[in-house]
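Residue numbers start from 1 in every chain, and the chains themselves are labelled A, B, ... in the order their sequence lines are given, proteins ahead of strands. Because only heavy atoms are used, hydrogens play no part in the values below, and waters and symmetry mates are left out as well, while side chains stay in.
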2 protein chains.
Amino acid sequence: MPATHTQSRFSSKLSSQCQNCSLSALCLPIALADEDINRLDQIIERKRPLKKGEVLFHQGQPFNSVFAVRTGTLKTFNITSSGEEQITGFYCPSELVGLSGIDDNTYPISAKALETTTVCEIPFSHLENLSSQIPSLKHQVFKVMSRKIGDDQQMMVLLGKKNADEKVASFLLNLSNRFKKRGYSATSFRLSMSRGEVGNYLGLAVETVSRVITRFQKNELIQVDGKEISIIDLPEMQKLVGVAPDCGKIAQF
Amino acid sequence: MPATHTQSRFSSKLSSQCQNCSLSALCLPIALADEDINRLDQIIERKRPLKKGEVLFHQGQPFNSVFAVRTGTLKTFNITSSGEEQITGFYCPSELVGLSGIDDNTYPISAKALETTTVCEIPFSHLENLSSQIPSLKHQVFKVMSRKIGDDQQMMVLLGKKNADEKVASFLLNLSNRFKKRGYSATSFRLSMSRGEVGNYLGLAVETVSRVITRFQKNELIQVDGKEISIIDLPEMQKLVGVAPDCGKIAQF
DNA sequence: CGGACACTTGACAATCCTCAAGATTTGTGG
DNA sequence: CCACAAATCTTGAGGATTGTCAAGTGTCCG
């Protein structure tokens, strides 16, 4: 019997424990001992769901917490001097938002819900304290931040070097991989962001995004029904973004 | 007398101690007590200088250390599937390279010297251990990584939304700010990278970079002599990149 | 001194943006 | 549940920015 010491001491608030969360394998608790997960659990606050369009934190606001998305999607953005919105990222369940606020205790970006979205709030000072006591937790935080740095650099390459087709294909494949990782279909999913938001993120005009998607459909690379996307010819899409077909690691942002 | 316990136990290798390093105010040791600086000092290895073109670490190589630039400049880049180089960053003295390797214990990029360059090697496992014992050091590492995330996101905005003029102006002002921070002239400096490398980094063709620089000179925004750059009309340059003139925080990458 | 490399400049072409109009979807109130 | 308004999305035409190609100049280093 493998259940020797896995019996939790905390049987209350079942649905909102890290141990019972289906995302824990992707989020922070990975590789933590049960008792450590419980300690992490205690510093985390589950918030009421955000409705579509609601703001989680505003650019310029004092930084206190990072947030893990549980359900739904967030976008982060900042407002430029000319007043327009600049989207810097989309966040799916299990992903952490707000890490860039640590630097000077202020969020340099805003975060807004693209649909009904629930998040776990992780007060950073608590996380920092706890990470001193749990080395593997500290390592996890370093890893998450490190991965974010690497991903952002891939995104820089995409923005700087790729054409419209490659940008849109990369975007779709990146989403595909993220869905796959958390057990959803890699080939069929729903875009929670508008074409305009995709274009804003990718550095393209809305019209260009629309045209590329239409062309992909005509060429039978994908099938589109509004925001529903099905990837039909995955190998061809991968060729588009420049991935060696047998290469395990997919290009991602 | 302020020298109560500041007398170092390590009087040897004077020139290579964090305490005596002019960069310590910008690098990791900031806000550490003297004794803690000494502990940090002991895990840091000073390496022989890299000659121009020498590689500090290769993409794909096992990750062991992060590196602080002491003198000179590094570029980081990766090689795309089509075989071309993609520059993801330039690193000046006091800046940390290699943080993106933490995630899966492999450097996802290569780092190469643009000129004769010296670095301090900081074995990450040691830094991680030490940071458990020194909370302010741990906080420093989090801050450095957080700042990198924020800076990279600004760079994404630059690549996605700005035109050639704005890109080059942002690049020059960013360098200007970084030089200023470490006590050098903010208006007169030497580019250690080629026009081609600037273009690669900014997502522009060499010819475009050259043309923009020539035009900036004709419009008396800057003065150029090969790799020597003088910023003549700083306010106008700032207007170009969209910075409110009295806004303390300059747009940077 | 010569060769390689970096930089500049011009002409042309391609990609992508802007503007505009129409179609479709979404949201809201009756 | 329907109807209408407001967004969002699509598609076309034309134009601007930037990339590509080509040639010439300048610079560095053996």
- Message: With a 4.0 Å limit, can you tell me whether A:K227 has a side-chain N or O closer than that to the phosphate oxygens OP1/OP2 of D:dT8?
- Response: no
- With a 4.0 Å cut-off on heavy atoms, is A:G196 in touch with a base, just the backbone sugar-phosphate, or nothing at all? sugar-phosphate
- Message: To the nearest 0.5 Å, what is the distance between CG on A:L202 and CE on B:M156?
- Response: 9.5 Å
- Between the main-chain N or O of B:D103 and the side-chain N or O of A:S146, is there a donor-acceptor pair closer than 3.5 Å? yes
- Query: On DNA chain C, which is the earliest and which the latest nucleotide, 5' to 3', with an atom closer than 4.0 Å to a heavy atom of chain A?
  - Reply: C:dC16 to C:dG27
- Message: For B:I232, is there any backbone N or O sitting under 3.5 Å from a side-chain donor or acceptor partner on B:S230?
- Response: no
- Note on the structure: Whether each nucleotide of nucleotides 11-30 of chain D has a protein heavy atom under 4.0 Å at its base (B), only at its sugar-phosphate (S) or at neither (-) is summarised, 5' to 3', as BBB----SSBB---------
- Query: Is the side chain of B:T117 donor-acceptor paired with the backbone N or O of B:L50 at a distance under 3.5 Å, no angle test?
  - Reply: no
- Message: Once salt bridge (charged side-chain N to carboxylate O under 4.0 Å, His left out) is applied, what residue pairs with a partner in residues 49-58 of chain A remain, sequence neighbours excluded?
- Response: A:R48-A:E54
- Salt-bridge contact B:K161-A:E84 (side-chain N to carboxylate O under 4.0 Å): no
- Query: Through what angle, rounded to 10 degrees, does the axis of the helix from C:dC1-D:dG30 to C:dG30-D:dC1 turn between its ends, using five pairs per end?
  - Reply: 60°
- Pairs satisfying ring-ring contact (aromatic ring centres under 6.0 Å, His included), at least one member in residues 67-88 of chain B, at least two apart: B:F57-B:F67
- Step-by-step ring pair (Phe, Tyr, Trp, His ring centres under 6.0 Å) determination, A:F90 to A:Y201: CA-CA 9 Å; A:F90 298 110; A:Y201 180 58; 5.0 Å; yes
- Query: Can you list every salt bridge (charged side-chain N to carboxylate O under 4.0 Å, His left out) pair that touches residues 227-237 of chain A, not counting sequence neighbours?
  - Reply: A:R190-A:E228, A:E236-A:K239
- Query: Salt bridge or not for B:K181 and B:E95, using N-O below 4.0 Å?
  - Reply: no
